[in-house]
Amino acid sequence: MSSMSSHRRTSHTARRRVAAVALVGVSALLAAAVQSGAASAAPQKPAPGRVDPGAVALRLTPSQRAELIRDADAAKATTAEDLGLGAKESLVARDVIKDADGTVHTRYERTYGGLPVLGGDLVVDTAKSGRTERVIKATGAAIEVASLTPTVAAGTAERQALSAAKADGSKKTDADRAPRKVIWAANGRPTLAYETVVGGFQDDGTPNQLHVITDAATGKKLYEYQGIETGVGNTQYSGQVTLTTTQSGSNYTLTDGARGGHKTYNLNRGTSGTGTLFSQTSDTWGNGTISNAATAGADAHYGAAETWDFYKNTFNRSGIKNNGVGAYSRVHYGNAYVNAFWDDSCFCMTYGDGSGNADPLTALDVAGHEMSHGVTSNTAGLNYTGESGGLNEATSDIFGTGVEFYANNASDPGDYLIGEKIDINGDGTPLRYMDKPSKDGGSADNWSSSVGGLDVHYSSGVANHFFYLLSEGSGAKVINGVSYNSPTGDGLPVTGIGRDKALQIWYRALTTKFTSTTNYAAARTGTLAAAGELYGTTSAEYTAVANAWAAVKVGTRPGGGGGGTSFENTADVSIPDNGAAVTSSIAVTGRTGNAPSNLQVDVNIVHTWRGDLVIDLVAPDGSTYRLKNFSSSDSADNVVATYTVNASSEVANGTWKLKVQDQAAQDTGYINSWKLTFP
């Protein structure tokens with residue numbers, strides 16, 4: 001982690017003021033509402049269990065959406081001034097959502113000195129009156145760098161990027177274009193940098209689109225992420241279905257004129273281009289087996305149609321970009337390619353034929369998964385690495401599952417299993433399990449400080465588990481003939497609110513609360529804000545969101561949860577930048593005997609780079625228990641987490657301490673609060 005003279009430290013007082021003003025109702029107030037049970041983050045709704053009609057997104061025509069974006073662009077200079085952005089900063093309107101009550105959620109990209117600010121995206125909520133109600137930023141840091149002139153040559157950045165891609169197993173590697181200058185702000189430290197995009201193919205044959213960010217002053221690699229987002233008629237998986245096609249002369253083509261002109265192409269083992277549009281004289285497509293190339297085409301075309309309808313009828317969304325324009329699908333990619341992927345650069349979905357070309361990856365939930373990557377790319381833009389990457393993957397699993405239930409197809413009934421039809425493991429087991437993600441052998445059931453280091457297909461388990469618990473609740477049950485038994489990380493039960501409500505909450509959070517850098521703590525905050533707006537902060541739905549996150553070890557339950565005894569210290573303690581350790585104390589009294597083996601330690605620390613922090617629990621006799629290690633790659637803000645400590649060898653009564661040390665320069669923060677809970 002390099003030192004930068006241009007880094008602007010933000011004082012403790014200023015950060016608290018910004019949290020209270022810019023993020024009102026989304027961060028500070030919601031955290032307080034969950035801890036105290038107060039209903040201050042959003043207005044109380046009059047109809048329990050019903051969505052507030054004013055908070056529902058309107059179905060905009062393409063021209064209405066375009067007009068709103070034009071209006072936002074026309075006012076962007078005034079908006080930037082109102083937000084207190086610097087003279088060198090400008091906004092570019094990228095997306096807009098309008099609620100029935102007139103509230104407009106505008107998503108902006110940011111530039112600085114004419115350069116794109118990666119990680120500078122933000123969402124501005126504007127009331128019908130024109131008053132700015134809320135601002136959610138991907139970074140809280142002031143965008144300012146000492147110079148816009150690199151000291152490292154672009155060629156150096158390109159060579160580094162090519163080396164990184166080859167180290168990841170890339171083949172036929174080459175830079176797609178010359179490195180471009182950017183401001184890198186996703187880790188809270190605005191830095192002049194180069195972005196290099198490396199093409200070729202990944203080690204499994206997936207196209208490569210590796211984005212490598214290089215410090216333009218030092219040549220140090222700051223970040224990398226993959227731009228290709230993978231998922232894993234008479235159709236093969238969905239039986240006989242109705243397809244919308246287009247007749248041209250004596251031929252029919254797989255062109256869906258009712259859904260933005262979505263087209264389905266046959267790559268015929270190729271790995272580039274669009275391939276050949278499926279076309280034939282008969283309007284019956286495929287024979288339900290791999291012997292007919294059109295079978296996979298029918299599956300993909302059907303999946304795209306059901307996904308379009310799911311988004312339209314569930315969320316009033318018109319296509320992936322919400323602009324009424326269809327994407328396109330490509331099937332029969334490569335030879336025995338065991339994957340499927342979304343590529344935003346071509347606005348298309350691509351499916352391989354699986355091992356031995358025997359199981360095309362065109363099942364309904366996979367189709368929904370891939371199109372949903374496009375939705376995420378065109379809304380929150382969650383970076384495809386670390387915790388934000390896990391949320392990106394989970395979003396596709398969540399909405400892919402929603403598509404499967406929405407389609408209500410007898411040949412592929414809805415379930416909380418991902419890829420159960422494509423037999424990617426070769427033994428009939430699903431690719432992923434939402435009720436207990438660890439059943440796949442790699443996914444995380446619950447959050448921990450190491451989750452961000454997992455592959456995004458495994459770190460997604462935390463959000464998948466949250467969504468299942470929020471929808472169906474914990475414990476054993478049978479749904480559509482499938483048995484589930486979902487555990488909780490805190491050992492306490494969760495009561496579900498139903499899948500339909502859970503989907504509405506997740507979609508609203510994705511489209512109006514999440515940004516490119518959202519991590520699990522921020523996802524909790526965003527979904528609570530969404531639930532508060534839709535159902536009210538005193539609603540069962542709001543409480544269920546808090547409980548479901550606590551059950552996967554993100555945050556705590558309202559009121560401490562489970563009837564245990566809690567002791568809390570809410571006094572702020574500043575953490576010196578790269579300095580000595582500080583402590584915050586809690587006096588525990590009235591207990592008998594030793595502490596439990598499942599002592600709960602809830603930590604809330606505000607910090608601009610949490611990877612700098614080492615956190616310990618210190619028992620009354622001085623024994624220490626490590627809660628969090630230093631991590632140079634964990635660039636997200638804040639620590640909002642619940643840790644479970646086996647403190648059974650310690651006497652319960654006495655003074656316990658939270659010990660925190662910042663072990664790297666240039667980022668600051670403070671202990672906001674912490675709590676001990678004896679179950």
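In this chain, residues are counted from 1 in sequence order. Computation of the quantities below employed the complete heavy-atom set of this structure, encompassing side-chain atoms and omitting hydrogens, waters and symmetry-equivalent molecules.
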With side chains defined as the heavy atoms from C-beta onward, is the minimum distance between Asp435 and Tyr416 less than 4.5 Å? no

Would you please say whether a donor-acceptor pair under 3.5 Å links the side chains of Thr264 and His301? yes

From CA spacing to verdict: side chain to side chain contact (heavy atoms under 4.5 Å, CB included), Ile479, Tyr484: CA-CA 8 Å; Ile479 304 168; Tyr484 304 95; 3.8 Å; yes

Do Asp415 and Glu420 come within less than 4.5 Å of each other through their side chains, counting heavy atoms only? yes

Does a side chain donor of either Asn292 or Thr295 reach within less than 3.5 Å of an acceptor in the other side chain? no

Knowing that exactly one of Asn464, Val462, Leu469, Leu470 qualifies, which makes a side chain to side chain contact (heavy atoms under 4.5 Å, CB included) with Phe466? Leu470

Using every non-hydrogen atom in the two residues, find where Gly386 and Ser459 come nearest and quote the distance to one decimal. O-OG, 3.8 Å

Let's go through His262 and Ser329 carefully: what are the C-alpha distance in whole Å and the side-chain angles of both, what is the deciding distance for side chain to side chain donor-acceptor pair (under 3.5 Å) to 0.1 Å, and is it a yes or a no? CA-CA 8 Å; His262 184 100; Ser329 299; 2.9 Å; yes

Short side-chain to backbone donor-acceptor contact, Thr517 and Ala138, under 3.5 Å: yes

Hey, does Val96 have a side-chain heavy atom less than 4.5 Å from the side chain of His105? no

Does Thr512 use its side chain to pair, donor to acceptor, with the backbone of Ala509 at less than 3.5 Å? no

With a cut-off of under 6.0 Å to the ring centre and 45° to the axis, is Lys321 in cation-pi contact with Phe347? yes

When you look at Leu361 and Ile424, which way does the side chain to side chain contact (heavy atoms under 4.5 Å, CB included) test go after all the steps? CA-CA 8 Å; Leu361 278 80; Ile424 201 169; 4.1 Å; yes

Residues Glu472 and Arg499 bridged, charged N to O under 4.0 Å: yes

Heavy-atom closest contact (Ala380 atom, Leu510 atom, distance): CB-O, 3.5 Å

Do we see a donor-acceptor contact under 3.5 Å between the side chains of Ser318 and Asn322? no

Looking only at heavy atoms, which two atoms of Ala185 and Val117 are closest? And how far apart? CB-CG1, 3.8 Å

Distance under 6.0 Å and angle within 45° of ring axis: Arg94 vs Tyr108: no

Looking only at heavy atoms, what is the nearest atom pair of Ser483 and Val478, with distance? OG-CG2, 3.7 Å

If you measure only the distance, is there a donor-acceptor pair under 3.5 Å linking the side chains of Ser345 and Asp343? yes

Residue pair Leu267, Thr350: steps toward the side chain to side chain contact (heavy atoms under 4.5 Å, CB included) verdict: CA-CA 9 Å; Leu267 277 173; Thr350 304; 4.2 Å; yes

Distance-only, no hydrogens or angles: does the Asp121 side chain make a donor-acceptor pair with backbone N or O of Thr515 under 3.5 Å? no

Output yes when a side-chain donor or acceptor of Ser474 lies under 3.5 Å from a complementary backbone atom of Val494, and no otherwise. yes

With a sphere of 6.0 Å drawn around OH of Tyr458, does it hold more than 12 non-hydrogen atoms of other residues, nucleotides or ligands? no

For residues Trp506 and Thr395, is any side-chain donor paired with an opposing acceptor at under 3.5 Å? yes

Check: Glu370 and Thr307 side chains under 4.5 Å, non-hydrogen atoms: no

If only atom types and distance count, is the side chain of Asp423 paired as donor or acceptor with the main-chain N or O of Asp427 below 3.5 Å? yes

Using the ring of each side chain (for Trp, its six-membered ring), is Tyr311 parallel, tilted or perpendicular to Phe399, with breaks at 30° and 60°? perpendicular

Would you find a donor on one side and an acceptor on the other, under 3.5 Å apart, between the side chain of Asn357 and the backbone of Asn335? no

Could you check whether any side-chain N or O of Asn378 sits under 3.5 Å from a backbone N or O of Gly374, counting only pairs where one atom can act as donor and the other as acceptor? yes

Listed pairs under 3.5 Å, donor-acceptor, residues 447-454 side chains, sequence neighbours left out:
residue : atom : partner : partner atom : Å
Trp447  : NE1  : Glu387  : OE2          : 2.9
Ser448  : OG   : Ser450  : N            : 3.4
Ser448  : OG   : Ser450  : OG           : 3.0

Between the side chain of Lys421 and the main-chain N/O of Ile418, is any donor-acceptor distance below 3.5 Å? no

In the structure I gave you, are the side-chain heavy atoms of Leu417 and Met434 within less than 4.5 Å of one another anywhere? no

Can you find a heavy atom in the side chain of Val366 that is under 4.5 Å from one in the side chain of Ile422? yes

Lys439 backbone acceptor or donor facing Arg432 side chain under 3.5 Å: no

Is a donor from one side chain sitting under 3.5 angstrom from an acceptor on the other, for Asn313 and Tyr406? yes

In terms of side-chain heavy atoms, does Asn287 have a donor or acceptor partner in Ser291 at a distance below 3.5 Å? yes

Start with the C-alpha distance between Arg65 and Asp95, add both sets of side-chain angles, then the distance that settles salt bridge (Lys or Arg N to Asp or Glu O under 4.0 Å), and finish with yes or no. CA-CA 8 Å; Arg65 176 178 178 273; Asp95 191 26; 3.2 Å; yes

Less than 3.5 Å apart, any donor N or O on the side chain of Tyr333 or Arg269 sitting next to an acceptor on the other? no

Please evaluate residues Trp549 and Thr527 with respect to the criterion side chain to side chain contact (heavy atoms under 4.5 Å, CB included), reporting the C-alpha separation (whole Å), side-chain torsions for both, the decisive distance (0.1 Å), and the verdict. CA-CA 10 Å; Trp549 278 122; Thr527 50; 2.7 Å; yes

Aromatic plane relationship, His457 with Tyr384 - under 30° parallel, 30 to 60° tilted, over 60° perpendicular: perpendicular

Under a 3.5 Å cutoff, is there a donor and acceptor pairing between the side chains of Asp283 and Thr245? yes

Any side-chain heavy-atom pair of Lys513 and Ile136 under 4.5 Å: yes

Going through the checks in order, is the side chain to side chain donor-acceptor pair (under 3.5 Å) test met by Tyr302 and Asn409? CA-CA 11 Å; Tyr302 170 68; Asn409 185 296; 3.0 Å; yes

Please list all pairs meeting ring-ring contact (aromatic ring centres under 6.0 Å, His included) that have one or both residues in residues 421-446, counting only residues at least two apart or in different chains. none

Test Phe310 against Phe405 for ring pair (Phe, Tyr, Trp, His ring centres under 6.0 Å), laying out the working first. CA-CA 9 Å; Phe310 164 74; Phe405 276 101; over 10 Å; no

Just checking Tyr351 against His332, ring centres under 6.0 Å apart? no

Does a donor on one side chain and an acceptor on the other come within less than 3.5 Å for Glu195 and His211? yes

Would a distance-only check, ignoring hydrogens and angles, find a side-chain to backbone donor-acceptor pair under 3.5 Å from His465 to Pro487? yes

Under a 4.5 Å cut-off applied to non-hydrogen side-chain atoms, are Tyr265 and Thr276 in contact? no

Can you name the nearest heavy-atom pair linking Ser372 to Gly400, along with the distance? OG-N, 4.4 Å

Are Ser238 and Asp412 close enough that a side-chain donor and a side-chain acceptor fall under 3.5 Å? no

Between Ser279 and Asn251, is there a side-chain donor-acceptor contact under 3.5 Å, judged purely by atom types and distance? yes

Between His373 and His369, how do the two ring planes meet: parallel, tilted or perpendicular, split at 30° and 60°? perpendicular

So, for Leu503 and Gly402, which heavy atoms are closest and what is the spacing to 0.1 Å? CD1-CA, 4.2 Å

